[in-house]
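To start, the structure itself, in structure tokens.
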Amino acid sequence: MTSQADQPYRRLDGRVAIVTGGAHGIGLALAHRLAHEGAHVVVADVDGEEGERAARQIRGDGLLCVATKTDVRQEESLRELADRTLAIADRIDILVNNAALFSTIKMSRVPFDEVPVDEWDDLLDVNLKGAWLACRAVVPSMKALGYGKIINIGSASAFKGSVNRIHYVASKAGMLGFTKSLARELGPHGILVNCVAPGSTLSEVNPDAETLELRRGALSGRAIQRVERPSDVAGVVAFFASPDSDFVTGQTLVVDGGSYMQ
């Protein structure tokens, strides 16, 4: 017999959530967690095949999930994402801006003056401009509801800097100001905007030796001496998506095991 304590805490029953970059790594963990909390999740990813695989996996757990191929660099693609979500579920309550160039699509780790100009542009287009375009696509429906939760995925590196990753860190630092400005603008409409900033996270399914060494190298500066996992981020995102955070906006919560402490 299942006890009440064994039942999932479904804080998001009846809510509809979009997770960009939801087919891989942290994004996949976020999609799983929001679905387990009761949300109908839309996995939006430029990798359409992997997005469908992720959605099937989540539905296999008896949860609500669909996938749509989405390129966050393209305004029309995000409009189509919003339209499809509204056609399926008639509302959009939660947007998680997770899509980013980092691990799934590799970036250069070189001195600042050796970063290819095209790569700088691509990374800022996805990591920062993509979040802006996604918000433009979904906020009208949130305003109509008088309610919404936008959760941006930043990085703890924005607080500390990082050698040979200036374009990535700049994009994530931009997300901090983006979050605060949007929170002030949308607060009167009942839409809350917050940011989660993970540390170095082992998000790869089959990491190579170099990646494992990189992730383990982060342990030395942490109060919690273990590798960070995507599930460590998912709980915090679920909090920001839920009614438990209904009086919190414009904030960035660093989730890095106590490496950076404000």
Side-chain angles (χ1 to χ4, degrees), residues 7-47 50-70 72 78 81-82 84-100 104 130-131 134-135 137-139 141-142 145 147-154 175 179 190-198 201 203 228-246 248-249 251-253 255:
Q7 298 294 326
Y9 182 25
R10 296 171 64 90
R11 295 176 289 183
L12 302 178
D13 272 336
R15 302 298 189 190
V16 178
I18 294 172
V19 180
T20 68
H24 304 273
I26 290 176
L28 180 57
L30 304 184
H32 269 280
R33 179 57 183 266
L34 297 181
H36 275 284
E37 294 269 0
H40 187 154
V41 175
V42 177
V43 172
D45 203 286
V46 70
D47 188 338
E50 282 299 297
E52 291 290 351
R53 183 199 60 79
R56 287 195 301 270
Q57 181 181 343
I58 293 170
R59 289 196 300 270
D61 291 337
L63 305 170
L64 295 172
C65 187
V66 296
T68 180
K69 184 174 181 178
T70 304
V72 298
L78 286 161
L81 167 64
R84 184 179 181 200
T85 303
L86 291 170
I88 293 169
D90 199 36
R91 62 189 294 147
I92 301 171
D93 301 280
I94 300 157
L95 169 65
V96 182
N97 282 313
N98 170 73
T104 305
C135 290
V138 308
V139 161
S141 59
M142 289 182 173
L145 286 175
Y147 176 88
K149 295 293 186 79
I150 297 173
I151 302 106
N152 300 317
I153 304 302
M175 191 67 87
T179 296
I191 303 169
L192 310 184
V193 187
N194 290 290
C195 182
V196 178
T201 304
S203 57
E228 183 166 357
R229 299 181 291 266
S231 57
D232 295 317
V233 184
V236 180
V237 170
F239 163 71
F240 278 135
S242 79
D244 292 341
S245 62
D246 275 357
V248 181
T249 195
Q251 304 303 309
T252 295
L253 182 54
V255 183

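Side-chain atoms are counted along with the backbone in the values below, which use heavy atoms only and exclude waters and symmetry mates. The model shown is predicted, which means the values in this text are computed figures rather than measured ones. Counting from 1, the numbers follow the sequence of the chain as shown.
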Does some side-chain heavy atom of Met142 sit less than 4.5 Å from a side-chain heavy atom of Lys149? no
Shortest non-hydrogen contact from Gly154 to Cys195? N-SG, 3.7 Å
I want to check something: taking the side chain as every heavy atom from C-beta on, are Val233 and Glu228 in contact at a cut-off of under 4.5 Å? yes
What's the shortest heavy-atom distance between Ala35 and Val41, and which atoms? N-CG2, 3.6 Å
Establish, yes or no, whether the cationic atom of Arg15 lies under 6.0 Å from the six-membered ring centre of Tyr147 and within 45° of the ring axis. yes
From Leu253 CG over to Phe240 CZ, what is the distance, rounded to the nearest 0.5 angstrom? 5.0 Å
Calculate, to the nearest 0.5 Å, the distance between atoms CG and CD1 belonging to Asp93 and Ile191 respectively. 10.5 Å
Is there a side chain to side chain contact (heavy atoms under 4.5 Å, CB included) between Leu145 and Arg91? Walk through the geometry before answering. CA-CA 8 Å; Leu145 286 175; Arg91 62 189 294 147; 3.9 Å; yes
Rounded at 0.5 Å granularity, tell me how far CG in Asn152 sits from OG1 in Thr20. 9.0 Å
Any donor-acceptor N/O pair, Arg84 side chain to Ala67 backbone, under 3.5 Å: yes
Are the side chains of Arg33 and Leu12 in contact, using a 4.5 Å heavy-atom criterion? no
From Asp13 CG over to His40 NE2, what is the distance, rounded to the nearest 0.5 angstrom? 13.0 Å
The test is side chain to side chain contact (heavy atoms under 4.5 Å, CB included); show your working for Val248 and Leu192 and say whether it passes. CA-CA 7 Å; Val248 181; Leu192 310 184; 5.9 Å; no
Side chain to side chain, Asn97 and Ile150, heavy atoms closer than 4.5 Å: yes
So which atom in Leu28 and which in Ala54 form the shortest heavy-atom distance, rounded to 0.1 Å? CD1-CB, 3.5 Å
Heavy-atom pair of closest approach, residues Gly130 and Leu78: O-CD1, 4.0 Å
Among Ile153, Leu34, Val43, find the residue that satisfies the side-chain contact (heavy atoms from CB on, under 4.5 Å) test when tested with Val19. Leu34
Rounded distance [0.5 Å steps], CG in Asn98 versus CD1 in Ile18: 13.0 Å
For the residue pair Val255 and Val196, establish whether any side-chain heavy-atom pair is separated by less than 4.5 Å. yes
Which heavy atom of Ser231 sits nearest to which heavy atom of Ala29, and what is that distance? N-CB, 4.4 Å
Using modelled atom types and a 3.5 Å cut-off, is there a donor and acceptor pairing between side-chain atoms of Asp45 and backbone atoms of Asp47? yes
For Asp61 and His36, what are the C-alpha separation, side-chain angles and deciding distance, and is it a side chain to side chain contact (heavy atoms under 4.5 Å, CB included)? CA-CA 9 Å; Asp61 291 337; His36 275 284; 3.9 Å; yes
Can you find a heavy atom in the side chain of Val42 that is under 4.5 Å from one in the side chain of Ile92? no
Tell me, do Cys135 and Leu95 make a side-chain contact under 4.5 Å, heavy atoms counted? yes
Sub-4.5 Å side-chain heavy-atom contact between Glu37 and Ser242: no
If I take atom CZ from residue Arg53 and atom CD1 from residue Ile58, how far apart are they, to the nearest 0.5 angstrom? 9.0 Å
